[in-house]
Amino acid sequence: MAGEERCGSRQRLFVAVDLPDGIREGLRAWGEAELVDPALKPVRAESLHVTLVFLGHRETAEVEEIVDLVGGLSAPPALMKLEDPITLPRRRRAALFALPAPSPATTDLHHGVVEKLVEAGLHEPDGRDFWPHVTVARVRSEGRGSRRPAGVARRPGDLPERLKEPFYAVRLTLYRSVLQPGGSRYVPLAQVELS
Ligand code: 3AM
């Protein structure tokens, strides 16, 4: 809530590729068994996604333009696969657990969407390489005034083989991220099927 208040009427936006329901359901079941350490805040199954472009906080007029642009996109389904969980950052205490999602088609889609947003004057890329992944859990802070992530004693185990089979991502969504004490809630503002 604090983030929303700080930014007045602005909305925090990102474009994502949604995972098929079967994959989300599989990840929910895996997460119930593996994302159990009390330091972890698992991402809700319905919120699991691959972030394609992070757009930051935007004014209402710009949000409308972005909704129109994303709603008018078209692209083929993107073949992707998931890999076993890794932690980030790599050399310090884990702040989040993510599944790498290598996918040349999703990388092409990222470049295509960025190009369209830049052409329309709606995005300035930060120059970072695109790394497709699904964040499955964030780590709570230690507390007592420290923002350092708490230690995770019970680290999540690997994915079952079934969840490492390639699949097609079939939907692109523009989300508004609403910061809440219990974890961000993602509100879809525009959606297109990849077909
Ligand atoms: O759900 P994931 O982790 O893929 O990490 C943030 C999250 O992605 C990412 O945007 C998604 C919605 O919050 N994000 C947040 N700040 C970012 C930034 N400054 C960012 N991505 C790139 N640059």
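Every number for a ligand or one of its atoms is a count from 1 in the order of the listing. What's counted below: heavy atoms across the whole structure, side chains too, no hydrogens, waters or symmetry copies.
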*What residue and heavy atom of the protein are closest to atom 13 (O) of ligand 1, and at what distance?*
R12 NH1, 2.9 Å

*In terms of ring plane angle, is the pair Y175 and Y186 parallel, tilted or perpendicular, where the classes change at 30° and 60°?*
tilted

*Atom of P85, atom of L159 and distance for their closest heavy-atom approach*: CD-N, 4.4 Å

*For atom 20 (C) of ligand 1, which protein heavy atom lies nearest, and how many Å away is it?*
F54 CG, 3.3 Å

*Can you tell me which residue and heavy atom of the protein come closest to atom 8 (O) of ligand 1, and the distance to 0.1 Å?*
T51 OG1, 3.0 Å

*asked:* Less than 4.0 angstrom from a charged side-chain N to a carboxylate O is my criterion; do R24 and D18 meet it?
replied: yes

*asked:* Quick check on D21: does its CG atom have over 12 non-hydrogen neighbours (other residues, nucleotides or ligands) under 6.0 Å away?
replied: no

*Start with the C-alpha distance between F97 and T87, add both sets of side-chain angles, then the distance that settles side chain to side chain contact (heavy atoms under 4.5 Å, CB included), and finish with yes or no.*
CA-CA 5 Å; F97 286 79; T87 57; 3.2 Å; yes

*If you have a sec, work out which protein heavy atom is nearest atom 3 (O) of ligand 1 and how many Å separate them, to one decimal?*
T135 OG1, 2.7 Å

*Protein contact to atom 1 (O) of ligand 1 [nearest heavy atom, distance to 0.1 Å]*: H49 NE2, 3.0 Å

*Nearest protein heavy atom to atom 5 (O) of ligand 1, by residue and atom, and its distance?*
R138 NH2, 4.1 Å

*Where is the nearest protein heavy atom to atom 23 (N) of ligand 1: which residue, which atom, and how far?*
R128 NH2, 3.1 Å

*asked:* Please evaluate residues E34 and V136 with respect to the criterion side chain to side chain contact (heavy atoms under 4.5 Å, CB included), reporting the C-alpha separation (whole Å), side-chain torsions for both, the decisive distance (0.1 Å), and the verdict.
replied: CA-CA 11 Å; E34 299 295 338; V136 288; over 6 Å; no

